[in-house]
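What follows is a set of notes on a single structure, which appears directly below.
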Amino acid sequence: MKVLVGSEFDIKNHFIDSFTHGARTYVVYSNRNRIYVFDSKCPHANGDLRAASYDGGFVVCPSHGLRFSLKNGEVDTNEIEDDFMKSILAKGVDKMRLKLLQVTIEKGNVYVELD
Ligand code: FES
């Protein structure tokens, strides 16, 4: 189902940083002329990604600090030395992929494809 998120202007100027559809809330993030949309609940333990920080090409969860790639949603497993983080990753990173929604822009409006 194709859903309107908002205007490209509003998103790229950070007037829109999240939206709700049904029972779910999604984060809308714009950087370097690209727009990303993903579920506001962290795939690890539902941390609120509306409060995430961004580091290069990664979303950093505010709850436990896992980093998710904005390219493919995978958890960044590089240079993790913290034992707690290692214990999280030992449970399997495949289940913890951040699902990035497909974004399309038509006539200045931004849409995402929802299930
Ligand atoms: S809830 Fe996001 S890293 Fe744990």
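Every number for a ligand or one of its atoms is a count from 1 in the order of the listing. A quick note: this is a predicted structure, and the numbers were derived from the prediction, not measured.
Residues Cys42 and Asp48 form no side-chain contact, since every pair of their non-hydrogen atoms from C-beta on lies 4.5 Å or further apart.
Residue His64 does not count as close to atom 2 (Fe) of ligand 1, with no N, O or S atom under 2.8 Å. For atom 2 (Fe) of ligand 1, the N/O/S atoms of His44 include none lying under 2.8 Å.
If you number the atoms of ligand 1 from 1 as listed, the ones under 4.0 Å from a heavy atom of Ala45 come out as 1 (S). Near Cys42, meaning under 4.0 Å from one of its heavy atoms, ligand 1 places the atoms 1 (S), 2 (Fe), 3 (S). In summary, the atoms of ligand 1 found under 4.0 Å from a heavy atom of Ser63, numbered by their order in the structure, are 1 (S). The distance from ligand 1 to the heavy atoms of Leu66 drops below 4.0 Å at these ligand atoms: 3 (S). Using a 4.0 Å cut-off to heavy atoms of Cys61, the atoms of ligand 1 that qualify are 1 (S), 2 (Fe), 3 (S). Each of the following atoms of ligand 1 lies closer than 4.0 Å to a heavy atom of Gly47: 1 (S).
A ring-centre distance under 6.0 Å is not found for Phe68 and Phe58. In this structure, His21 has its ring center at least 6.0 angstrom away from the ring center of Tyr26.
Of the candidates Ile35, Asn109, Val28, Val28 is the only one forming a side-chain contact (heavy atoms from CB on, under 4.5 Å) with Val5.
Transitive grouping of hydrophobic side chains (ILVMFWY, heavy atoms separated by less than 4.5 Å) keeps Ile11 and Tyr36 in distinct clusters.
Under the 30°/60° scheme for interplanar angles, the aromatic rings of Phe15 and Phe9 are found to be tilted.
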